[in-house]
Amino acid sequence: MKTLPTALLLAALCACDSAPPPPLIPGKFNGVELPGRPAQAKASGFVDCRPSYSAITCARSQPFDFLGVTPREASLNLTGRDAFSVERATAKDQTGDVRLLPPELLTYDSIDLTFEPPRYDENCVKRAREKGGYTLEEPVSCLTSQHSVRNLRTVLEQRAWMVIASRAAYTTFAHPAESVSITIRRETATLQRIDAAERDAAIKYRKEREATAAEAERAGQKFVSDMAR
């Protein structure tokens with residue numbers, strides 16, 4: 001049986017390894033499509049557009065319901081970046097003024113939803129802190145607003161969305177059955193298409209962290225109990 005020369009075999013393997021990943025398949029969530037092009041932006045109601053050198057920002061002129069919470073603003077940025085690339089962080093941008101690009105080269109990879117600031121019953125907050133001690137965040141039971149980002153967070157938690165990343169400035173949620181992630185920063189929630197493998201790996205990692213933390217808590221409580229006997 002004839003075999004390929006080693007050089008040819010290595011070249012073939014390298015060619016396979018360097019093949020670009022398949023493009024990100026658009027997904028729909030709550031009536032919007034991610035990622036998308038100008039046609040999808042228009043179909044989702046993002047028709048109030050303001051062009052600039054680096055992006056064309058399009059906003060929804062009509063309010064819409066998002067998981068039972070209504071944002072006061074919703075917008076997206078059309079750029080020359082390839083939003084359909086799985087490797088979005090390294091996707092090459094089209095150079096030059098975005099306004100000069102043909103529409104078929106414009107894409108968006110995320111949608112920003114801005115909500116009203118949360119409002120709380122001050123007397124409720126005071127009573128809760130007197131009873132349970134001081135907390136940095138007001139109790140959700142004292143929330144009086146209906147369309148704040150805190151309301152959205154409550155809905156996500158009730159619907160089994162999981163925190164897959166958390167820092168001082170933001171919190172990112174994902175759901176095992178959904179194709180988008182939702183990142184909350186202050187009063188803004190950003191929707192972005194998430195690759196299924198990336199989502200599943202992040203959720204698995206988070207569950208493992210929570211299981212380890214729970215095990216450590218049980219071990220600590222057992223040590224305290226054993227020492228007290």
Side-chain angles (χ1 to χ4, degrees), residues 24 26-36 41 44-46 55 57-60 62-79 81 83 86 88-89 108-121 124-125 128-129 134-210 213:
L24 200 61
K28 284 190 175 182
F29 180 73
N30 204 87
V32 296
E33 187 170 320
L34 288 163
S44 297
F46 293 86
T57 301
C58 296
R60 277 185 65 108
Q62 299 294 327
F64 74 110
D65 176 275
F66 183 75
L67 300 179
V69 187
T70 303
R72 65 181 183 182
E73 296 177 10
S75 64
L76 55 81
N77 288 323
L78 290 160
T79 70
R81 188 176 186 179
V86 173
R88 291 187 299 275
Y108 64 91
D109 68 351
S110 62
I111 295 174
D112 290 330
L113 309 177
T114 303
F115 297 84
E116 65 182 35
R119 299 186 303 275
Y120 299 90
D121 183 320
C124 174
V125 173
R129 286 178 172 168
Y134 180 81
T135 56
L136 291 176
E137 194 169 42
E138 292 81 354
V140 69
S141 58
C142 299
L143 191 65
T144 60
S145 55
Q146 297 180 343
H147 301 290
S148 71
V149 77
R150 185 74 186 278
N151 295 94
L152 176 62
R153 281 178 52 189
T154 302
V155 170
L156 294 176
E157 291 164 0
Q158 291 173 345
R159 299 189 183 187
W161 286 70
M162 294 187 61
V163 174
I164 60 170
S166 183
R167 298 290 186 273
Y170 70 88
T171 303
T172 300
F173 292 84
H175 192 285
E178 301 294 352
S179 59
V180 300
S181 64
I182 300 175
T183 298
I184 294 177
R185 295 180 179 85
R186 295 185 179 273
E187 311 309 327
T188 299
T190 300
L191 280 66
Q192 192 165 39
R193 181 77 162 85
I194 187 170
D195 178 64
E198 177 186 351
R199 175 202 63 203
D200 295 345
I203 290 177
K204 179 182 177 183
Y205 174 74
R206 195 70 182 189
K207 286 182 176 179
E208 290 173 348
R209 287 283 302 273
E210 290 176 353

Show your working on side chain to side chain contact (heavy atoms under 4.5 Å, CB included) between L67 and L152 and close with a plain yes or no.
-> CA-CA 8 Å; L67 300 179; L152 176 62; 4.2 Å; yes

When you check the side-chain N and O atoms of T144 and D121, is any donor under 3.5 Å from an acceptor?
->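 No, because no side-chain N or O of T144 sits under 3.5 Å from a partner of the opposite role on D121.
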
Spacing of [X] atom [atom1] and [Y] atom [atom2] [to the nearest 0.5 Å]:
X	Y	atom1	atom2	answer
N151	E116	CG	CD	7.5 Å
R119	H147	CZ	NE2	9.0 Å
T57	L78	OG1	CG	8.5 Å
I111	C58	CD1	SG	11.0 Å
D109	L76	CG	CG	10.0 Å
R185	T190	CZ	OG1	5.5 Å

Between the side chain of [X] and the main-chain N/O of [Y], is any donor-acceptor distance below 3.5 Å?
X	Y	value
R60	S75	no
N30	D65	yes
N77	Y108	no
R193	S179	yes
S148	R150	yes
H175	W161	no
S44	F46	no

For atom CD of E157, is the number of surrounding heavy atoms from other residues, nucleotides or ligands below 6.0 Å larger than 12?
->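 Atom CD in E157 is crowded, with more than 12 foreign heavy atoms closer than 6.0 Å.
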
Any chance CZ of R72 has more than 12 other-residue heavy atoms, nucleotides or ligands included, within less than 6.0 Å?
->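 Check passes, neighbour count above 12.
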
According to the interplanar angle, ranging from 0 to 90°, do the rings of F66 and F115 count as parallel (below 30°), tilted (30 to 60°) or perpendicular (above 60°)?
->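 It falls in the tilted class, 30° to 60°.
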
Check step by step if side chain to side chain contact (heavy atoms under 4.5 Å, CB included) holds for I184 and R153.
-> CA-CA 8 Å; I184 294 177; R153 281 178 52 189; 3.1 Å; yes

Indicate yes or no: at least one non-hydrogen side-chain atom of [X] is less than 4.5 angstrom from one of [Y].
X	Y	value
L34	F29	no
T188	V149	no
L156	V163	no

Shortest non-hydrogen contact from [X] to [Y]?
X	Y	value
P176	I203	N-CD1, 3.7 Å
P35	A83	CG-O, 3.5 Å
A177	R199	C-NH1, 4.5 Å
I194	S181	CG2-N, 3.9 Å
A128	P139	CB-CG, 3.6 Å

Step-by-step side chain to side chain contact (heavy atoms under 4.5 Å, CB included) determination, V180 to Q192 = CA-CA 5 Å; V180 300; Q192 192 165 39; over 6 Å; no

Residues two or more places apart in sequence or in another chain: which of them pass side-chain hydrogen bond (donor to acceptor under 3.5 Å, both in side chains) with Y205?
->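 Applying side-chain hydrogen bond (donor to acceptor under 3.5 Å, both in side chains) to Y205 gives R209.
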
From CA spacing to verdict: side chain to side chain contact (heavy atoms under 4.5 Å, CB included), V155, V69 = CA-CA 9 Å; V155 170; V69 187; 4.2 Å; yes

